[in-house]
*Asks:* 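The structure is given below, and queries will be raised subsequently.
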Amino acid sequence: MAIVQRKGRLIFAEPLFEPGRQVALGREARKQEGNLVLVDFTPGQIRLLRGLGSPDKPRDVVSALLWERSHRGFRQKIEAVANEVSNAVSRSPGSRRDLTELTTFTVDPATARDFDDAVSVDRRGDGYQLWVHIADVAAHVKPGSGLDLEAAERANSTYVPGTVEPMLPRGLSDGACSLAPGVERLAVTTEIELSGDGRVGRVQFYRSLIRSDARLDYDQLDEIFAGRAEAPSAVREQVATARELAENLGSVRGETALEVDSREPEFVFDPDGYVISAKGVPQTEAHRLIERLMILTNEQVAEVMEKRRSPMIYRVHEQPDPQRIEQLVEQLASLDLPTPPLPKPFGPSEATRLAASASRMLVDEAKRRGHGRSAYTSLILRSLKQAQYSDRNLGHAGLASPAYCHFTSPIRRYADLIAHRALLAAMGEGEEAPSRAQVADAAVHCSEREREASKIERTADDVCSAFLLERELYEGGHDREFEGEVSGVIGAGAFVEFAGDLGDVYEGLVPARQLRGERFELNEVQTALIGAKTGRRVGFGDPIKVTVGRVEPIRGRVTLEPADG
């Protein structure tokens, strides 16, 4: 990926995202001068492949990022096969339970088009009957087919501001597999009996035919919960029952799971591809409702497969090392934050409980102080091992689950599709079970691709945020001050999150040398920069006023200066 630039009479391609040398292009590149281009840098065969738009437009830059580091579009043959498969499966869906008369609804982001999951729920005496319907992607994508190989290679959909690069062609992801309202769709249903306090009773798994009665989004559902809007009449009772059940499920899980307060950035573009606003979307009651029902479903699938000892791909989050939790407590104490008492000695299970306890303390402390939410959360997450996929059930410490998998998003995650095939084969529902070797290989590949996609998504967020900040400075003045808080520290300086008029998702680096008056160095527990003379602290969660020194939108970099020295 490069920008075409003229130097004298020659045209060069300058690498965009990664450092590298400029290379000369032929005359055909003159029409792309100043634009983003995809270039084949093979030695002796440097060729301009296609133009990708303007480096001044965030949407074009993000698209270029996908071209360079991920996939972009599908081969025409794959698109055609997806359409053929959709039509063939619709004509002959196979044996499945007809649940089209069951009242059903979906809840997704307002901009979503790929609806993986739908919910039905009724009261049964003192308890509940819950149906969680997941798109039956396995009915459309058969092992070893061209579609399957393409999905396996991608391993997940990659979501960046303004667009998504789907794991499956849109004829499936947005069409035949998406549980859109008012149309019959193939699903895999988990039917669960629950007591009045949310305890699980009988569980069934089977293939089904459903029809969603209403499509809700998270903002709409939160408005309903706040009493400012009414649910559609067709699902009003079911939404109220689902809310009640989700609250009970939260009580059952109690204080054993981690509590983290996170926000996902959401960018708004104008028709020309420029970012005009952004906000951090918090986890609301609507998000928690769907999350709890999906977690419950994932646990039930993992538990039944564990009992059967069938090949299965699990989502695992190993228990933290006790030594790392001791370090976390030291870090929190260095910031004058509350900490749970440490028993001596303690093992991995106790370390998990202590991490969960610390997470709840920090959420409460951030609310009390009015700042530090993001920074304190990052300290907790850094003390834990990274979640990944595995063919062995190692439990999920963050959710306090003895067995857990990803099952509820097969449109966008290949691990979920593997889990569907494994479960349906075990239930005698017409699928071929994956072998242990296949599951093990898929677990490694899906974990790697997930990490790669996360890096792309973070970079794209940084790019769009930097473009928006540049716009804000142009409209409001480069000398304005921003109220922020320290989100992280390294030896070179402090990262600061701050909000403006157009967005609340900005972040930049204040170089340590810019902290005037004395030399600042990173403390031993790596939570703060400490002044060598006065002991002044610039640490995680601390409020700080900043001005913007430099913005590099294409690279998503922002350099800040302290406003008060």
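This is a predicted model, so every value here is computed, not measured. The residues of the chain are indexed from 1 along the displayed sequence.
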*Asks:* Measuring only between side-chain heavy atoms, which start at C-beta, is Leu293 closer than 4.5 Å to Leu130?
*Replies:*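 Side chain of Leu293 against side chain of Leu130, heavy atoms only: contact under 4.5 Å found.
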
*Asks:* Could you go through the salt bridge (Lys or Arg N to Asp or Glu O under 4.0 Å) check for Arg413 and Asp416 one step at a time?
*Replies:* CA-CA 6 Å; Arg413 291 189 303 229; Asp416 300 53; 2.8 Å; yes

*Asks:* Just wondering, more than 12 heavy atoms not from Arg519 lying within 6.0 Å of its CZ?
*Replies:*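 Not buried by this count: 12 neighbours or fewer within 6.0 Å.
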
*Asks:* Quick one, Arg471 with Glu475, criterion salt bridge (Lys or Arg N to Asp or Glu O under 4.0 Å). Give me CA distance, side-chain angles, the key distance, then yes/no.
*Replies:* CA-CA 6 Å; Arg471 182 189 187 111; Glu475 295 179 358; 3.3 Å; yes

*Asks:* Just wondering, do Thr297 and Asp117 contact through their side chains at under 4.5 Å, heavy atoms?
*Replies:*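 No, too far: nothing below the 4.5 Å cut-off.
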
*Asks:* Any side-chain to backbone donor/acceptor pair from Gln327 onto Val525? Under 3.5 Å, distance only.
*Replies:*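 Not at all, since once roles are kept as given, no pair shorter than 3.5 Å links the two residues.
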
*Asks:* Assess the residue pair Glu365 and Arg369 against the criterion (side chain to side chain contact (heavy atoms under 4.5 Å, CB included)); give the C-alpha distance rounded to whole Å, side-chain angles, the decisive distance to 0.1 Å, and a yes or no.
*Replies:* CA-CA 6 Å; Glu365 183 66 11; Arg369 295 188 179 191; 2.7 Å; yes

*Asks:* Given the rule in the side chain to side chain contact (heavy atoms under 4.5 Å, CB included) test, do Val281 and Tyr218 qualify, once you have shown the distances and angles that lead to the verdict?
*Replies:* CA-CA 10 Å; Val281 180; Tyr218 289 116; over 6 Å; no

*Asks:* Show the nearest heavy-atom pair for residues Pro161 and Val62, with the distance to one decimal.
*Replies:*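 Nearest heavy atoms, Pro161 then Val62: O-CG1, 4.1 Å.
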
*Asks:* One pair to check against salt bridge (Lys or Arg N to Asp or Glu O under 4.0 Å): Arg480 and Glu472. What are the steps and the verdict?
*Replies:* CA-CA 10 Å; Arg480 60 178 298 194; Glu472 179 146 333; 3.0 Å; yes

*Asks:* Inspect the surroundings of CZ in Arg550 and state if more than 12 heavy atoms from other residues, nucleotides or ligands are less than 6.0 Å away.
*Replies:*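 Not buried by this count: 12 neighbours or fewer within 6.0 Å.
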
*Asks:* Looking at Gly196 and Asn248, what are the two nearest heavy atoms and their distance?
*Replies:*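 Nearest pair, atom of Gly196 first, then Asn248: O-ND2, 2.9 Å.
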
*Asks:* Between the main-chain N or O of Ala112 and the side-chain N or O of Asp108, is there a donor-acceptor pair closer than 3.5 Å?
*Replies:*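 No: the side chain of Asp108 does not pair with the backbone of Ala112.
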
*Asks:* With distance as the sole criterion, is a donor-acceptor pair present between the side chains of Thr190 and Gln204 under 3.5 Å?
*Replies:*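 Per modelled atom types, Thr190 and Gln204 side chains form no pair under 3.5 Å.
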
*Asks:* With a 3.5 Å cut-off and no angle check, do the side chains of Asp461 and Ser465 form a donor-acceptor pair?
*Replies:*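 Side-chain D/A pair, Asp461 to Ser465: absent.
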
*Asks:* Are any of the side-chain heavy atoms of Glu507 and Phe498 separated by less than 4.5 Å?
*Replies:*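 Sidechains of Phe498 and Glu507: no contact.
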
*Asks:* So, does Asp116 use its side chain to make a donor-acceptor pair with the main chain of Ile411 at under 3.5 Å?
*Replies:*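 A pair under 3.5 Å: yes.
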
*Asks:* Would you say the side chains of Glu193 and Tyr128 form a donor-acceptor pair under 3.5 Å?
*Replies:*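 On atom types as modelled, these side chains do not qualify, holding no pair under 3.5 Å.
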
*Asks:* Kindly give the heavy-atom pair with the smallest separation between Ser70 and Thr158, and that separation in Å.
*Replies:*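 Distance-wise, the nearest heavy atoms are OG-OG1, 3.9 Å.
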
*Asks:* Under a 3.5 Å distance rule, please check whether Asn298 uses its side chain to pair with a backbone N or O of Phe407 as donor and acceptor.
*Replies:*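 Yes, Asn298 side chain to Phe407 backbone: donor-acceptor pair under 3.5 Å.
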
*Asks:* Side chains of Ser374 and Ser487: do they bring a donor and an acceptor to under 3.5 Å?
*Replies:*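 No, Ser487 and Ser374 have no side-chain donor paired with an acceptor closer than 3.5 Å.
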
*Asks:* Using only atom types and a distance under 3.5 Å, with no angle test, would you say the side chain of Arg288 pairs donor to acceptor with the backbone of Gln283?
*Replies:*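 Yes, because the side chain of Arg288 sits within donor-acceptor range (under 3.5 Å) of the backbone of Gln283.
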
*Asks:* Could you tell me whether the side chains of Thr241 and Arg123 share a donor-acceptor contact shorter than 3.5 Å?
*Replies:*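 Short answer, yes.
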
*Asks:* Hey, are the side chains of Val119 and Trp131 touching, using non-hydrogen atoms and a 4.5 Å cut-off?
*Replies:*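 No; the side chains remain at least 4.5 Å from each other.
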
*Asks:* Under the salt bridge (Lys or Arg N to Asp or Glu O under 4.0 Å) criterion, do Glu452 and Arg449 qualify, and how do the steps go?
*Replies:* CA-CA 5 Å; Glu452 292 167 5; Arg449 286 293 300 133; 2.5 Å; yes

*Asks:* Are any side-chain N or O atoms of Ser454 and backbone N or O atoms of Glu450, one a donor and one an acceptor, separated by less than 3.5 Å?
*Replies:*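 Looks like yes, one N/O pair under 3.5 Å.
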
*Asks:* Can the ring centres of His406 and Tyr389 be said to be less than 6.0 Å apart?
*Replies:*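 Yes, they do, as the ring centres are separated by less than 6.0 Å.
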
*Asks:* Are the side chain of Asn523 and the backbone of Ala528 linked by a donor-acceptor contact shorter than 3.5 Å?
*Replies:*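 Checked: pair present.
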
*Asks:* On the 0 to 90° scale, with breaks at 30° and 60°, tag the His317-His396 ring pair as parallel, tilted or perpendicular.
*Replies:*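 Because their plane-to-plane angle is over 60°, the rings of His317 and His396 count as perpendicular.
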
*Asks:* Does Tyr159 form a side chain to side chain contact (heavy atoms under 4.5 Å, CB included) with Glu264? I'd like the steps, not just the answer.
*Replies:* CA-CA 12 Å; Tyr159 293 85; Glu264 294 293 328; over 6 Å; no

*Asks:* Apply side chain to side chain contact (heavy atoms under 4.5 Å, CB included) to Ile276 and Leu502, showing your working.
*Replies:* CA-CA 7 Å; Ile276 56 175; Leu502 301 181; over 6 Å; no

*Asks:* Could you tell me whether the side chain of Asp391 reaches within less than 4.5 Å of the side chain of Met312, counting heavy atoms only?
*Replies:*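 With C-beta onward as the side chain, the pair stays apart.
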
*Asks:* When you measure from the side chain of Asp217 to the backbone of Gln220, do you find a donor-acceptor pair of N or O atoms at a distance under 3.5 Å?
*Replies:*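 Answer holds: yes.
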
*Asks:* Show the nearest heavy-atom pair for residues Ile313 and Ala419, with the distance to one decimal.
*Replies:*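 Nearest heavy atoms, Ile313 then Ala419: CG2-N, 4.0 Å.
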
*Asks:* Between the side chains of Gln526 and Gln331, is a donor N or O closer than 3.5 angstrom to an acceptor N or O?
*Replies:*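 There is no such pair between these side chains.
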
*Asks:* Any side-chain heavy-atom pair from Lys279 and Phe267 closer than 4.5 angstrom?
*Replies:*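 No, their side chains stay 4.5 Å or more apart.
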
*Asks:* Do Arg536's NZ or CZ and the ring of Phe520 fall within the cation-pi criteria of under 6.0 Å and 45°?
*Replies:*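 No - Arg536 does not lie over the ring of Phe520 by the 6.0 Å and 45° rule.
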
